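A quick write-up on the structure given underneath.
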2 protein chains.
Amino acid sequence: MPPTRREKQHAITREEIKQIAWEQMRQQGTAAISLRGIAREMGLTAPAIYRYFPSRDDIITALLMDAYTQFGDAMEAAAQQPAPSIYEQIVTIGLAYREWAVNNRIQYELIFGNPIPEYAAPAELTLPLARRAFVPLISAILEAMQMSDWQPKAHIPTLTPRLIDAMQPRWTAEGVPLEGVYLATRFWTRVHGMVTLELYDHTPPLIGDASEFYRLEIISLLEE
Amino acid sequence: MPPTRREKQHAITREEIKQIAWEQMRQQGTAAISLRGIAREMGLTAPAIYRYFPSRDDIITALLMDAYTQFGDAMEAAAQQPAPSIYEQIVTIGLAYREWAVNNRIQYELIFGNPIPEYAAPAELTLPLARRAFVPLISAILEAMQMSDWQPKAHIPTLTPRLIDAMQPRWTAEGVPLEGVYLATRFWTRVHGMVTLELYDHTPPLIGDASEFYRLEIISLLEE
DNA sequence: TCATTTTAGTTAACACTGTTTACAGTTTAC
DNA sequence: GTAAACTGTAAACAGTGTTAACTAAAATGA
């Protein structure tokens, strides 16, 4: 049955609450959600917010899920762009990672940043979304590894028995080569380090043009 | 003139306040400082805290400066350990970075994590401390670049005019080669990405043994 | 030893927060 | 037209940071 007029209005009000909450986070950080502030902005009082979200935690969870969804959308869109080679597809994914982060930094901070006091993300909701965002990268790397001209194989260190033992329970059932997971993790941690230190203003004082540094590094990541 | 007995007691009380503040951050995150909570823990009321720190911001600033100082101490100590070669010294610094972060994760979160609502770190205090922490790494890399057996030079991409223009104003006066700054930034962003994604529990679900992954990657960073 | 000054701590107050309860007005469904 | 559901409010409770005024204790100087 299609939603009633009232249900539509309810959903619109939920979106409005979320938009104002995002704006509060942009202004004051991810830990700065204020229900009274949101209500004030809407011309309401704080108890009215409880008609739309059971608690402040539920608002934060909704924002976090939206952030993961948008992130996954961006990674999937990047992976689906036509690319001359699989290697350039990986570069495209890497560039898209930073672009999404720079253009959506408060979402990035919410996903990857410090915990919010007295809030714990419900893993049963966020883990599937987190995996979804990671899949385009690991798929591309696994595809690259199948290429006859696959080069960086030489640069994977020999996986130690200790690391193999740690990884196998998570990936053997899925038939995913451990070297692929290793390379995807390497790529991800490198990309993430550059983006995070740039967004939090640690590398720009050193390197000046963090965007250009990132571009050069993304390209050289596949030449190593 | 040596501090009076009263001044010593004052300093001891300031340290006690800071220790309790650290413990609050460990329990609830960097944004969770509560003056009333600190006072309660000490058997005082909240206004008493204002005898020792002008505001909540001043407590946070004191914690942040302590964190940067300890971090700089750890980097300097790592750089001063005897090492068979300059390359192994760089590895030692890299391993020390993670060890410090893992053992002092709330300090790491305070330095590198999300902003605390309505708090801005005073850059005139934190920037010198941040630079001090970075110096051991960049010194080691610059020393390595002087070695006759310096290898990774081939792996530095050609610095584009755009990046050179951005970097030169910051480093030319100090006579620091831009390639050295580039490599130090690369090393730092890679180390930081691995450590951050591990501490915030993003890579352990993928890679199982993040410590072993880190060790392998640190070693291979200088083999590339 | 006593008076003065300084320090340390408290209470009360103000303005903010999240959340709940009870109530009232409006809208929707029957 | 009426009952039910939804939406919003006021009041209340318990938390927060911060200030002002006050008091007691400790330190200093005469």
Side-chain angles (χ1 to χ4, degrees), chain A residues 1-25 27-64 115-121, chain B residues 1-25 27-64 115-121:
Chain A
M1 164 115 122
T4 65
R5 179 179 153 77
R6 198 174 231 182
E7 282 162 350
K8 284 182 204 162
Q9 192 54 44
H10 189 85
I12 289 172
T13 306
R14 278 175 62 94
E15 278 309 309
E16 187 179 352
I17 291 170
K18 286 197 289 181
Q19 289 318 308
I20 297 173
W22 278 125
E23 194 50 40
Q24 279 183 351
M25 285 190 168
Q27 304 277 343
Q28 288 289 348
T30 52
I33 289 297
S34 158
L35 300 196
R36 287 182 190 259
I38 295 171
R40 203 162 34 242
E41 183 97 11
M42 296 173 72
L44 304 176
T45 60
I49 308 297
Y50 291 86
R51 302 292 178 195
Y52 299 94
F53 290 90
S55 70
R56 188 182 76 123
D57 278 8
D58 287 276
I59 297 177
I60 297 172
T61 298
L63 298 186
L64 185 56
I116 293 170
E118 294 181 1
Y119 173 76
Chain B
M1 166 121 120
T4 65
R5 179 179 154 77
R6 200 176 228 184
E7 283 163 351
K8 283 185 206 161
Q9 190 57 43
H10 189 86
I12 287 171
T13 305
R14 279 175 62 94
E15 280 309 309
E16 186 178 353
I17 291 169
K18 287 198 288 180
Q19 289 315 310
I20 296 171
W22 278 127
E23 193 50 40
Q24 281 184 350
M25 284 189 170
Q27 305 276 344
Q28 288 289 349
T30 52
I33 289 295
S34 157
L35 299 196
R36 287 182 190 258
I38 294 173
R40 204 161 35 240
E41 184 97 9
M42 295 172 75
L44 305 176
T45 60
I49 306 296
Y50 291 86
R51 300 291 177 194
Y52 300 94
F53 290 90
S55 69
R56 188 185 74 125
D57 279 8
D58 287 278
I59 297 177
I60 298 171
T61 299
L63 298 187
L64 185 56
I116 293 171
E118 294 182 1
Y119 172 76

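Here is how names work: the chains are called A, B, and so on, in the same order as the sequence lines, proteins then strands, and each is numbered from 1. For clarity, every value in this text was computed on a predicted model and none was experimentally measured.
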- Message: Within the 4.0 Å heavy-atom criterion, would you say B:Thr45 contacts the bases, only the backbone, or no part of the nucleic acid?
- Response: base
- Note on the structure: Atom CZ of B:Arg6 and atom P of D:dA27 are separated, to the nearest Å, by 5 Å
- B:Ser55 and B:Asp58 side chains, donor-acceptor separation under 3.5 Å: yes
- Query: Contact class for B:Tyr50 vs. all strands (heavy atom < 4.0 Å): base, sugar-phosphate, or nothing?
  - Reply: base
- Item | First of A:Thr13 and B:Arg40 reached from the 5' end of DNA chain D, by closest nucleotide | A:Thr13
- Note on the structure: A:Glu118 atom CD is separated from D:dG15 atom P, nearest whole Å, by 12 Å
- Message: Would you compute the distance between atom CD1 of B:Ile49 and atom OG1 of B:Thr13 and round it to the nearest 0.5 angstrom?
- Response: 9.5 Å
- Message: Whole angstroms only, please: what is the NZ-P distance between A:Lys8 and D:dC6?
- Response: 17 Å
- Message: So A:Ile33, base contact, sugar-phosphate only, or nothing? Heavy-atom distance under 4.0 Å.
- Response: sugar-phosphate
- From the 5' end of DNA chain C to its 3' end, which nucleotides mark the outer limits of contact with chain B, defined by a 4.0 Å heavy-atom distance cut-off (strictly under)? C:dT6 to C:dA13
- Message: Any base atoms under 4.0 Å from B:Ile49, or only sugar-phosphate, or nothing? Heavy atoms, all strands.
- Response: nothing
- Message: I need the B:Ile59 CD1 to B:Ile33 CD1 distance, nearest 0.5 Å.
- Response: 7.0 Å
- Rounded to whole Å, the CZ-P distance (A:Arg51 to D:dT7) equals 8 Å
- Item | For atom CD1 of A:Ile17 and atom C1' of D:dT7, their distance in whole Å | 12 Å
- note: B:Arg36, atom CZ; D:dT18, atom P; distance rounded to Å ~ 11 Å
- Task: Indicate, with a heavy-atom threshold strictly under 4.0 Å, whether A:Phe53 touches base, sugar-phosphate, or nothing.
- Result: nothing
- Does the side chain of A:His10 get closer than 4.0 angstrom to OP1 or OP2 of D:dT7 through an N or O atom? yes
- Any A:Thr30 side-chain heavy atom under 4.5 Å of A:Tyr119 side chain: no
- Message: Can you confirm whether A:Arg51 sits close enough to A:Leu44 that some side-chain heavy atom of one is under 4.5 Å from a side-chain heavy atom of the other?
- Response: no
- Item | Spacing of A:Glu7 atom CD relative to D:dA5 atom P, expressed in whole Å | 14 Å
- Between the CD atom in A:Glu23 and the CD atom in A:Gln19, the distance rounded to the nearest 0.5 Å is 9.0 Å
- Start at the 5' end of DNA chain C and walk down; is the nucleotide closest to B:Ala46 or to A:Arg56 reached first? B:Ala46
- Query: Are any of the side-chain heavy atoms of A:Phe53 and A:Lys18 separated by less than 4.5 Å?
  - Reply: yes
- Message: Please report the distance, rounded to the nearest Å, between CD1 in B:Ile116 and P in D:dG17.
- Response: 13 Å
